[in-house]
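As structure tokens, the structure follows; a few thoughts come after it.
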Amino acid sequence: MKTNLSSQITLTRIPSRYFRPENAYEHSVLTRYEKIPTTIFGSADEGSVAIANEIAAQIRRKQENGENFVLALPGGRSP
């Protein structure tokens with residue numbers, strides 16, 4: 001029996017309703033066991049654009065308030 005199936009899992013075979021909920025209720029059902037807010041994207045490109053937009057929005061918000069924005073990025077293998 002195959003135990004390492006991670007290389008065979010792709011989002012192209014999974015209907016988008018399982019990773020892109022249509023409303024707040026479906027989102028809460030999908031993420032109810034997560035410890036942190038979780039969003040699943042269909043591709044790495046979509047996810048990286050969303051993260052970049054969020055960081056840019058936070059930087060602008062801090063600048064408007066005259067505050068410093070601190071972004072901590074972990075390095076190494078442990079993250």
Could you pull out all residues at least two apart from Val70 that satisfy side chain to side chain contact (heavy atoms under 4.5 Å, CB included)?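 Scan of Val70 (side chain to side chain contact (heavy atoms under 4.5 Å, CB included), adjacent residues dropped) gives none.
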Can you list the residues that meet the side chain to side chain contact (heavy atoms under 4.5 Å, CB included) rule with Asn65, with sequence neighbours excluded? Arg61, Glu67
Gap between atom CD1 of Ile51 and atom CD of Glu46 - 0.5 Å precision: 12.0 Å
Under 6.0 Å from the CG atom of Asn53, do we count more than 12 heavy atoms belonging to anything else shown?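 Yes - once you tally the heavy atoms of other residues, nucleotides and ligands closer than 6.0 Å, there are more than 12.
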